[in-house]
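Each remark here refers to the structure printed beneath this line.
First listed ligand is number 1; within each ligand, the first listed atom is number 1. Positions are given from 1, in the same order as the sequence printed here.
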Amino acid sequence: MSDTLAIDGGTPIRKKMLPYGHQSIDDSDLQSVREVLQSEWLTTGPIVSEFEKKFAQLVGAKEAVSVSNGTAALHSAVFVSGIKPGDEVITTPLTFAATANSIRYEGGTVIFADVTADTLNIDPTQIESLITTKTKAIIAVDFAGQPCDMQQIMDIGEKYNLVIIEDAAHSLGATYNSENVGSIANFTTFSMHPVKHITTGEGGIITTNSEHLANRLRTFRNHGISLNPAQRDLHNSWWYDMEELGHNYRLTDIQCGLGLSQLKKLGQWLNRRRQIADIYTQAFSELELVDTPYILKDRNSSWHLYVLRLNLEMLNVGRTQVFQALRAENIGVNVHYIPVPWHPYYQNLGYVKGSWPICESEYERVLSLPLWPGMSDVDVSNVIEATFKVLKAYAR
Ligand SMILES: *Cc1c(COP(=O)(O)O)cnc(C)c1O
């Protein structure tokens, strides 16, 4: 193994690219999907309900409503929260664009509140300073898998009568003050995209403790057609009422068959994610050139992402060069996230760069390392070795 960086023509640390996230599929998943394919139902049937029940139990919520993806989950929660044009919804700029987009689908105004430098989660003090008479809701995103300051955020919600939506696309299996993510906010939304904790191909799910709101979500995902069976009886069996403008956001029984077998493995996968994160933190705490993730004592991260922060003042190069050098070593590093208001769509709406100084300065130094439960010990060592190799080569 040569010490010359692969980007300069040296031998890469590994032969094949190690992705930053990847699904884990085994024979039990294939069997579970096969059973559904051979049954009477392919779309919304008994397996959808079974998956929803198991998911609700797992996170300790009364209800879980599945939808076609995590973005649809956010959109459904925003719709049922009654967001309309002119309403303001506060969220973080350090997230996937879908979080903010879900507000725009209903014509709401997105108000970005800056994050805190330690956790990179939305700052409750910033939230409170941005509340106006138009504010209707907050969407808190559990960045990288660490829950937000949910107690402070729920208190703000109570004080100003706001709906609290927790975007938990990163935090299935995380806890806050020993409470499960999914049981705390008015709505908690999850994604089952292949890079997330469990997958259904594409998929999303919303948990809530309100049966009424769960029924409204079920109506919304099915074209706005009401579920009320009494009404069908009243008119005749073929009658149904489309009461509001919903969507076809249904998840299928085929996908939920996969979801059910994936859920059984969540516990062991969370353990492996934590184990890998611990190995990384132990290795990188020796390296002054980076800061390791900061996890607060009263919460457990579910480790969707492992986000290193480069100490750029100690390096000869910027994050882009480090990123490219690691990719050349076949380590599939990534960046989470480009600040959402920087995207052309949001720039065209008039958002001004520089308005979220912590998010925007931390963005320049974040780098996500590969982290998924199927990674072998050799994969983990490769990431550490390559990161040391590249950073030492670029140290001032
Ligand atoms: C993945 C993700 C989503 C969207 O989920 P999809 O299932 O891909 O639609 C939303 N918010 C965050 C923070 C995500 O990471």
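Using the six-membered ring where Trp is involved, Tyr337 and Phe143 have ring planes that are perpendicular, over 60° apart on the 30 and 60° scheme.
Here Ile138 sits in one hydrophobic cluster together with Ile90, Ile111, Ile122, Ile127, Leu130, Ile131, Met150, Ile153, Met154, Ile156, Tyr160, Leu162, Ile164, Tyr176, Ile184; the rule is ILVMFWY side chains under 4.5 Å apart, joined directly or through other members.
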- prompt: Given the rule in the side-chain contact (heavy atoms from CB on, under 4.5 Å) test, do Arg327 and Asn334 qualify, once you have shown the distances and angles that lead to the verdict?
  reply: CA-CA 9 Å; Arg327 283 283 179 101; Asn334 219 320; 4.3 Å; yes

task: Take Thr116 and Asp123 through the side chain to side chain donor-acceptor pair (under 3.5 Å) test and state the conclusion after the steps.
output: CA-CA 5 Å; Thr116 62; Asp123 180 349; over 6 Å; no

task: Might you work through the side-chain contact (heavy atoms from CB on, under 4.5 Å) test for Thr91 and Ile165, ending with a clear yes or no?
output: CA-CA 10 Å; Thr91 192; Ile165 301 169; over 6 Å; no

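Just one residue in the list Val307, Leu94, Leu305 forms a side chain to side chain contact (heavy atoms under 4.5 Å, CB included) with Val366, and that residue is Val307.
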Short N or O contacts of ligand 1 with protein, under 3.5 Å, listed by atom name?
{"unit_1": "ligand 1", "atom_1": "5 (O)", "unit_2": "Ser191", "atom_2": "OG", "d": "3.4"}
{"unit_1": "ligand 1", "atom_1": "7 (O)", "unit_2": "Gly70", "atom_2": "N", "d": "2.7"}
{"unit_1": "ligand 1", "atom_1": "7 (O)", "unit_2": "Ser191", "atom_2": "OG", "d": "2.7"}
{"unit_1": "ligand 1", "atom_1": "9 (O)", "unit_2": "Gly70", "atom_2": "N", "d": "3.3"}
{"unit_1": "ligand 1", "atom_1": "9 (O)", "unit_2": "Thr71", "atom_2": "N", "d": "2.9"}
{"unit_1": "ligand 1", "atom_1": "9 (O)", "unit_2": "Thr71", "atom_2": "OG1", "d": "2.6"}
{"unit_1": "ligand 1", "atom_1": "11 (N)", "unit_2": "Asp167", "atom_2": "OD2", "d": "2.8"}
{"unit_1": "ligand 1", "atom_1": "15 (O)", "unit_2": "His170", "atom_2": "NE2", "d": "2.9"}
{"unit_1": "ligand 1", "atom_1": "15 (O)", "unit_2": "Lys196", "atom_2": "NZ", "d": "3.0"}
{"unit_1": "ligand 1", "atom_1": "15 (O)", "unit_2": "Tyr337", "atom_2": "OH", "d": "3.3"}

